[in-house]
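A quick note: this is a predicted structure, and the numbers were derived from the prediction, not measured.
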Amino acid sequence: MWTERNAGLIMIHMAPLDDQTVLPADDDVIVSPPLAADIANPSANGSDATLDSSQTGSFAGNTTRHSAFPPIDDYAFLSDCETNCLIARNGSVEWMCVPRPDSPSVFGAVLDRSAGHFRIGPYGQNVPAARRYLPGGMIVETTWQTETGWLVVRDALVLGSWHNNEERSKTHRRTPWDWDAEHILLRTVKCVSGVVELEMSCEPAFDYHRAPATWEYTGKVYEQATATCDPADGYGPTLRLTTDLRLGLEGREARARTRMTEGDKVYVALSWSELPPPRTWDEAAAKMWQTAECWRQWITIGKFPDHPWRGYLQRSALTLKGLTYAPTGALMAAATTSLPETPGGERNWDYRYAWVRDSTFALWGLYTLGLDREANDFFAFMSDVSRRDGKPVPLQVLYGLGGELTLEESELDHLSGYDGARPVRIGNGAYNQAQHDIWGTMLDSVYLHVRSREQVPESLWPLLKRQVEEAVKHWRKPDRGIWEVRGEPQHFTSSKVMCWVALDRGAKLAVLHGATSYAQTWQGIADEIKEDILAHGVDARGVFTQTYNGDTLDASLLLVPLLRFLPADDHRVRATVLAIADELTEDGLVLRYRVETTDDGLSGEEGTFTICSFWLVSALVEIGELQRARHLCERLLGFASPLKLYAEEIDTRSGRHLGNFPQAFTHLAQINAVMHVIRAEESARTGQFQPAHNPS
């Protein structure tokens with residue numbers, strides 16, 4: 001997909017191949033025609049090159065920048081729900097952490113060009129003819145055209161049938177599913193025409209490039225090598241490279257090169273567990289097929305409308321699933337750390353953790369598409385972390401993927417940062433912040449999950465009751481809000497609204513549970529909170545404000561109609577939505593807040609927050625501004641990366657994606673916005689609008 005911008009008119013052009021294309025068998029490789037986005041990006045690669053803003057797959061600006069780093073939205077995202085990685089357009093794996101996504105990196109070139117990579121592709125060429133996801137899953141296909149021939153490369157993190165049949169898993173705490181991660185990054189190559197010189201380079205850099213790798217042959221001849229690091233140098237897993245190429249070991253790098261002619265096939269597998277890697281091309285092809293089948297089985301459960309935007313919905317659903325950590329049920333906010341919110345700036349954070357807010361909001365998107373099974377695992381994870389030594393403990397803002405409570409923040413001064421943006425941070429100091437929206441977001445998702453069953457599971461009720469009681473205890477106190485500001489705590493209006501949600505949904509859950517006395521008490525407190533918000537969180541013109549008795553706008557107040565705090569036809573709702581649309585936007589896209597009027601404890605600018613722009617789409621639909629909502633939704637879909645992925649922010653001047661990538665928050669909001677527009681348009685035929693997220 002690509003876009004054109006001319007005098008404010010946005011036209012969306014769909015690529016010839018999208019997620020609706022029939023999936024070919026592995027031997028029936030399709031040579032895809034170049035995507036329009038690829039034609040517009042002749043230099044998008046990981047080497048030193050001139051890169052301009054057209055490389056984002058978004059708006060083609062007039063500014064040119066010189067950088068060794070690919071644009072953030074140039075990356076493909078792979079996952080097996082236990083590990084994930086980012087692959088640049090030039091075929092280089094530039095971000096991967098093993099064995100968990102919040103472990104230290106083994107490939108980290110996205111944060112420093114010398115911090116580890118794993119590339120496979122034609123010798124001396126960095127720009128493919130086309131790249132896409134195979135429909136319905138997490139397999140990336142890259143098609144290369146050289147002067148002498150054509151190659152097709154497929155990349156996947158392998159999934160297979162459940163493995164722990166002789167002994168229970170030491171890490172998996174949730175109910176086993178039919179399929180499981182095999183801890184293998186598999187890369188297959190087929191020459192489909194002519195002759196092509198192929199090269200492979202694997203240079204891990206353990207522990208965020210703090211521990212060097214040592215390679216040694218571990219096969220009979222040249223087919224396998226293993227990379228390790230000296231424990232005295234730092235943390236490093238054992239990486240095993242298995243291939244039907246001939247490996248050469250050159251210092252910290254494992255290399256291979258060969259000339260491929262039409263019909264030739266090779267594979268390379270990087271593995272890090274006891275599960276066996278493929279030993280032949282046929283075994284590799286079988287693993288690639290079974291991975292595709294696992295993803296197809298999952299996506300088929302969903303309910304996707306027959307609509308031109310269906311491919312965007314499916315890719316967002318797959319991305320949210322890929323951001324889950326299957327062993328515990330945790331759902332991380334994003335796959336990366338320290339990709340900057342401001343080019344070259346300091347707003348760089350580690351998002352590889354499970355935020356209660358982000359996770360529960362993400363469930364909104366999956367519920368909307370009928371993919372609610374992940375909720376069971378997530379609520380089991382929440383039950384785990386809410387108890388220590390059999391005793392209940394307060395809910396905190398975020399957790400490690402294994403349920404870790406302490407996530408001390410530190411800086412990696414030896415890394416240059418993405419495109420010079422420093423500091424590079426690991427850990428996140430927000431883990432012990434006071435944020436009063438977390439109880440409401442969780443209780444809202446629980447209510448969505450259980451209301452169709454018309455009962456609250458007995459095991460879940462104590463956890464829910466504690467969260468309502470926490471909201472009752474804290475709702476009058478200041479906090480740091482949904483945006484986790486690092487300035488002084490304040491009375492954020494959106495936090496008060498989420499406390500109202502906690503009491504309102506708690507009362508509804510109490511009714512389902514048969515606890516009528518709790519329901520009456522909590523509903524009374526919910527009414528008290530609402531009255532307080534309307535008295536102190538609304539200005540003279542009827543617009544909800546960022547803080548009590550303030551005059552600053554905040555995009556989080558777009559949730560007021562989406563959470564049913566007030567009906568969409570209330571004059572204060574309409575005034576707030578239109579004020580944000582007209583006054584808190586840059587080139588029509590929404591900012592979280594104005595940094596010059598908000599004490600967030602940081603300096604510098606930030607881009608527009610894409611989740612907020614998608615919230616605006618949903619809110620505009622709610623207040624009856626369907627045409628305006630559809631136009632904005634089309635613009636936002638036009639900003640998607642060539643692979644339909646989103647980072648956290650968009651720079652409206654260049655179209656560049658900013659922040660960590662891919663971002664769960666953005667993809668869940670996209671699902672709800674797209675479904676809001678589709679359902680509102682369908683209501684013209686049915687006569688009744690059914691919003692994407694309806695907690696009432």
Side-chain angles (χ1 to χ4, degrees), residues 361 364 436-437 440-441 443-444 471 475-476 478-479 481-483 490-505 507-508 523-585 588 590-594 597-598 609 611-629 632 669 672-673 676-677 680 689-696:
F361 272 137
W364 281 18
H436 295 167
D437 63 311
T441 55
L443 286 160
D444 186 53
W475 77 267
R476 294 185 181 276
D479 74 332
I482 187 174
W483 306 126
Q490 300 183 64
H491 291 279
F492 288 101
T493 304
S494 63
S495 294
K496 309 293 186 185
V497 170
M498 294 310 301
C499 286
W500 172 84
V501 171
L503 273 296
D504 179 79
R505 305 306 191 264
K508 289 179 169 65
Q523 190 58 60
I525 299 173
D527 294 340
E528 181 184 356
I529 297 174
K530 176 178 284 190
E531 183 179 343
D532 191 69
I533 293 170
L534 296 178
H536 301 288
V538 182
D539 66 13
R541 56 180 183 157
V543 173
F544 283 90
T545 56
Q546 182 184 62
T547 58
Y548 269 19
N549 303 315
D551 57 7
T552 299
L553 292 173
D554 192 303
S556 62
L557 277 313
L558 291 168
L559 293 171
V560 166
L562 304 183
L563 292 165
R564 303 297 179 259
F565 178 77
L566 288 176
D569 58 2
D570 187 285
H571 71 280
R572 291 161 293 194
V573 170
R574 183 173 182 83
T576 301
V577 174
L578 294 179
I580 291 172
D582 296 335
E583 302 169 28
L584 195 60
T585 55
V590 183
L591 300 164
R592 293 189 299 176
Y593 46 75
R594 297 284 179 185
T597 61
T598 300
F609 258 61
I611 183 175
C612 300
S613 296
F614 278 122
W615 280 347
L616 179 58
V617 171
S618 298
L620 286 169
V621 171
E622 293 277 346
I623 65 171
E625 297 285 342
L626 179 56
Q627 184 175 359
R628 189 172 180 178
L632 177 56
N672 283 297
H676 257 81
V677 173
F689 171 54
Q690 179 64 39
H693 173 65
N694 185 13
S696 57

* **Min side-chain heavy-atom separation Arg628-Ile623 under 4.5 Å** => no

* Non-neighbouring partners of Glu528 that pass salt bridge (Lys or Arg N to Asp or Glu O under 4.0 Å), sequence neighbours left out -> Arg476

* Structure fact -> Taking every heavy atom of Asp479 against every heavy atom of Ser495, the minimum-distance pair comes out as OD2-OG, 2.8 Å

* To do: Any chance you could lay out the side-chain contact (heavy atoms from CB on, under 4.5 Å) test for Asp504 and Gln523, step after step, and finish with the verdict?
  => CA-CA 6 Å; Asp504 179 79; Gln523 190 58 60; 3.8 Å; yes

* Can you tell me how far OG of Ser613 sits from CG of Leu584, rounded to the nearest 0.5 angstrom? -> 9.5 Å

* Does His491 reach the side chain of His436, with side-chain heavy atoms less than 4.5 Å apart? -> no

* Set of ring-ring contact (aromatic ring centres under 6.0 Å, His included) partners for Trp500, sequence neighbours left out -> Phe565

* To do: Sequence neighbours left out, what passes side chain to side chain contact (heavy atoms under 4.5 Å, CB included) with Val538? Give chain and number order.
  => Leu534, Phe544, Arg572

* **Met498 side chain reached by Asp444 side chain, heavy atoms, under 4.5 Å** => no

* Interatomic distance, Leu620 atom CG to His676 atom NE2 [nearest 0.5 angstrom] -> 10.5 Å

* Asked: If you measure from OH on Tyr593 to SG on Cys612, what distance do you get to the nearest 0.5 Å?
  -> 10.0 Å

* Can you check side-chain hydrogen bond (donor to acceptor under 3.5 Å, both in side chains) on Ser618 and Asn672, steps first, answer last? -> CA-CA 7 Å; Ser618 298; Asn672 283 297; over 6 Å; no

* Structure fact -> Residues pairing under salt bridge (Lys or Arg N to Asp or Glu O under 4.0 Å) where one sits in residues 545-557, two or more places apart or in two chains, turn out to be none

* Who are the side chain to side chain contact (heavy atoms under 4.5 Å, CB included) partners of Glu531, not counting sequence neighbours? -> none

* Interatomic distance, Ile611 atom CD1 to Phe361 atom CZ [nearest 0.5 angstrom] -> 7.0 Å

* **Trace of the side-chain contact (heavy atoms from CB on, under 4.5 Å) decision for Thr547 with Thr552** => CA-CA 7 Å; Thr547 58; Thr552 299; 6.0 Å; no

* Structure fact -> Between the CG atom in Leu591 and the CZ atom in Phe609, the distance rounded to the nearest 0.5 Å is 9.5 Å

* To do: Mind checking salt bridge (Lys or Arg N to Asp or Glu O under 4.0 Å) for Asp532 and listing every partner two or more places apart, or none if nothing turns up?
  => none

* Structure fact -> Per side chain to side chain contact (heavy atoms under 4.5 Å, CB included), Leu566 is matched among Val573, Thr576, Ile533 by Val573

* Run the numbers on Glu625 and Leu616 for side-chain contact (heavy atoms from CB on, under 4.5 Å), then give the verdict. => CA-CA 11 Å; Glu625 297 285 342; Leu616 179 58; over 6 Å; no

* Which atom pair, heavy atoms only, marks the closest approach of Leu558 to Ala619? -> CD2-CB, 4.0 Å

* Asked: Can you check side-chain contact (heavy atoms from CB on, under 4.5 Å) on Arg592 and Ile482, steps first, answer last?
  -> CA-CA 10 Å; Arg592 293 189 299 176; Ile482 187 174; over 6 Å; no

* Structure fact -> Closest non-hydrogen contact found for Thr493 with Thr545 is OG1-O, 2.7 Å

* Inter-residue atom distance Trp615.CH2 - Leu559.CG, 0.5 Å rounding -> 4.5 Å

* Smallest separation among heavy atoms of Gly440 and Val501, with atom names -> O-CG1, 3.5 Å

* To do: Over all heavy atoms of both residues, which pair between Val577 and Pro561 is shortest? Give the atoms and the distance, please.
  => CG2-CG, 4.4 Å

* Structure fact -> Taking every heavy atom of Ala555 against every heavy atom of Val590, the minimum-distance pair comes out as CB-CG1, 3.7 Å

